Student: 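The structure's right below; bear with me while I get my questions together.
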Amino acid sequence: MPATTPPPAELHRRVIDWYGAHRRTLPWREDPDPWRVMVSEFMLQQTPVVRVLPVFEAWLERWPTPADLAASPAGEAVRAWGRLGYPRRALRLHAAATAIVESHGGAVPGTYDELLTLPGVGDYTAAAIASFAYGRRAVVLDTNVRRVFARVVSGVQYPSQGVLRAERDLATSLLPEDDAVAAAWAASTMELGAVVCTARAPRCEACPIADACRWRAVGYPPHDGPPRRGQPWHGTDRQCRGALMAVVRDAAGPVAPELVAAAWSDAAQRERCLDSLLDDGLLDLAADGRLTLPG
DNA sequence: TATTCGTGGGC
DNA sequence: TGCCCAAGAAT
């Protein structure tokens with residue numbers, strides 16, 4: 001059967017209705033306070049929901065407002081970040097909280113343009129906060145939404161590596177006019193991509209728009225083109241930096257350099273990564289030569 | 001535009 | 001077992 005493309009309003013209704021019936025209960029959805037939404041979005045950048053949940057709860061209990069976080073040392077944020085990965089996100093969240101206190105009266109701003117000025121907030125996160133926390137109309141284009149559109153509309157398994165102009169135009173053209181409907185559409189398409197239209201084994205039998213999916217209609221052709229590059233890990237600077245950070249993060253106080261050195265055998269790489277961590281502000285060098293999280 | 005930046009779980 | 005992937009941002 002050919003994929004007949006329903007009118008946009010029909011597509012919106014079916015996906016939003018599906019969301020109403022099947023959406024996961026997540027803490028930042030049950031109480032979409034802007035600061036809670038913002039914290040969740042930072043943590044969810046490249047990190048799965050199940051790993052974020054416990055850290056999110058502890059974080060909000062300790063720092064219920066941006067001002068609370070801004071009043072703590074940045075290093076405490078890095079430590080509370082735990083093993084979520086990409087600890088620069090913790091530093092940027094702390095810096096964003098500071099900017100919110102200094103420039104926005106302590107309240108998370110609600111417009112895309114204001115949000116975009118905050119450290120660690122890019123196109124996706126600005127749109128997500130404006131939409132999920134403030135109910136505003138915004139083009140929320142994350143990896144889930146991109147995959148749904150790639151399959152349903154373009155008939156391909158995966159979206160391109162970067163966001164193309166035509167892709168953004170498509171997402172914009174599909175965005176409902178009304179703010180509340182647009183926000184519901186954003187959340188719904190993301191959820192559909194996250195739990196049904198997944199990267200590896202899509203559950204098309206549970207999809208509310210399977211009959212409208214072009215990829216399905218053309219027989220699920222596999223990705224065609226240059227191989228999708230996996231990120232190398234073993235022996236990389238990222239692995240080294242992670243090992244060094246773990247030593248300091250899990251220590252109660254300042255750490256002797258010999259103890260940090262024991263975490264990575266390649267001396268040249270170790271020194272290079274240590275320098276980069278100091279340069280990034282993820283580590284500080286005390287006067288006595290010991291290493292600490294940033295004050 | 002292409003790289004870099006952590007971490008861990010599923011297949 | 002390795003490989004792929006997960007609500008990206010900054011440069």
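Each chain gets a letter, A, B and so on, in the order its sequence line appears, and its residues count up from 1. Keep in mind it's a predicted model, so treat the numbers as computed, not measured.
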Student: What does A/Ala128 touch in the nucleic acid at a heavy-atom separation under 4.0 angstrom: a base, only the sugar-phosphate, or nothing?
Tutor: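 The answer is nothing, as A/Ala128 stays clear of every strand by at least 4.0 Å.
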Student: Mind checking the C1' distance from C/dT1 to B/dG8? Whole angstroms is fine.
Tutor: 16 Å
Student: So what does A/Arg272 hit on the nucleic acid, given a heavy-atom distance under 4.0 Å: a base, only sugar-phosphate, or nothing?
Tutor: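 The answer is nothing, as A/Arg272 stays clear of every strand by at least 4.0 Å.
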Student: Could you tell me how far apart A/Trp185 (CH2) and C/dA7 (C1') are, to the nearest whole angstrom?
Tutor: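 Rounded to the whole Å, the gap is 17 Å.
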Student: Contact class for A/Gly162 vs. all strands (heavy atom < 4.0 Å): base, sugar-phosphate, or nothing?
Tutor: nothing
Student: Rounded to the nearest angstrom, tell me the gap between atom CZ in A/Arg146 and atom P in C/dC5.
Tutor: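 It is 13 Å, rounded to the nearest whole Å.
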Student: For A/Thr143, which contact category applies under a 4.0 Å heavy-atom criterion: base, sugar-phosphate, or nothing?
Tutor: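 Answer is sugar-phosphate: A/Thr143 comes under 4.0 Å of backbone atoms only.
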Student: C/dC4 P sits how many Å from A/His223 NE2, rounded?
Tutor: 11 Å
Student: Does A/Tyr158 have a side-chain nitrogen or oxygen under 4.0 Å from the phosphate oxygens OP1 or OP2 of C/dC5?
Tutor: yes
Student: Rounded to whole Å, please give me the gap between OH in A/Tyr124 and P in C/dA6.
Tutor: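 For the pair A/Tyr124 OH and C/dA6 P, the rounded distance is 13 Å.
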Student: Students often get this wrong, so: under 4.0 angstrom with heavy atoms, is A/Ile129 touching a base, only sugar-phosphate, or nothing?
Tutor: nothing
Student: With the threshold set at 4.0 Å, does a side-chain nitrogen-carboxylate oxygen contact exist between A/Arg13 and A/Asp17?
Tutor: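 Answer for the salt bridge query: yes.
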Student: Can you name the nearest heavy-atom pair linking A/Ala127 to A/Tyr112, along with the distance?
Tutor: N-CD1, 3.7 Å
Student: In whole Å, I'd like the distance from the CG atom of A/Asp123 to the P atom of C/dA9.
Tutor: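 The answer, rounded to whole Å, is 7 Å.
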Student: Could you tell me whether A/Val140 contacts a base, only the sugar-phosphate backbone, or nothing, with contacts defined as non-hydrogen atoms closer than 4.0 Å?
Tutor: nothing
Student: Suppose you measure atom C1' in C/dA7 against the same atom in B/dC11; what distance do you get, rounded to whole Å?
Tutor: 23 Å
Student: Counting only heavy atoms not in A/Arg24, do more than 12 sit closer than 6.0 Å to its CZ atom?
Tutor: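 Enclosed: over 12 neighbouring heavy atoms sit under 6.0 Å from CZ of A/Arg24.
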Student: Just verifying a value: how many Å separate A/Ile209 CD1 and A/Cys204 SG, rounded to the nearest 0.5 Å?
Tutor: 10.5 Å
Student: Would you indicate what A/Trp28 reaches in the nucleic acid, counting non-hydrogen atoms under 4.0 angstrom: base, sugar-phosphate, or nothing?
Tutor: base
Student: At under 4.0 Å between heavy atoms, which parts of nucleotides 4-11 of chain B does protein reach? Answer with one letter per nucleotide, 5' to 3': B base, S sugar-phosphate only, - none.
Tutor: -BBBB---
Student: Does A/Gln161 CD have over 12 foreign heavy atoms under 6.0 Å away?
Tutor: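 No, because the 6.0 Å sphere around CD of A/Gln161 holds 12 heavy atoms or fewer from other groups.
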Student: Roughly how many Å apart are C/dT11 and B/dT1, using the C1' atom of each and rounding to a whole number?
Tutor: 11 Å
Student: Quick one: A/Leu118 CG to C/dA9 C1', roughly how many Å, whole number?
Tutor: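 For the pair A/Leu118 CG and C/dA9 C1', the rounded distance is 13 Å.
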Student: Does A/Asp224 have more than 12 heavy atoms from other residues, nucleotides or ligands lying within 6.0 Å of its CG?
Tutor: no
Student: Would you say CD of A/Glu30 has more than 12 non-hydrogen atoms from neighbouring residues, nucleotides or ligands within 6.0 angstrom?
Tutor: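 Correct, the count exceeds 12.
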Student: If I take atom CG in residue A/Leu44 and atom C1' in nucleotide C/dA6, what distance separates them, rounded to the nearest angstrom?
Tutor: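 Nearest whole value for this atom pair: 9 Å.
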Student: Give the rounded distance in Å between these two atoms: CG of A/Asp142 and P of C/dC5.
Tutor: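 After rounding, the gap between these two atoms is 15 Å.
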Student: Got a salt bridge between A/Arg270 and A/Glu258, using NZ or NE/NH1/NH2 to carboxylate O under 4.0 Å?
Tutor: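 Salt bridge absent between A/Arg270 and A/Glu258.
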Student: With DNA chain C as reference, determine whether A/Arg92 or A/Glu41 sits nearer its 5' end, using the nearest nucleotide of each.
Tutor: A/Glu41
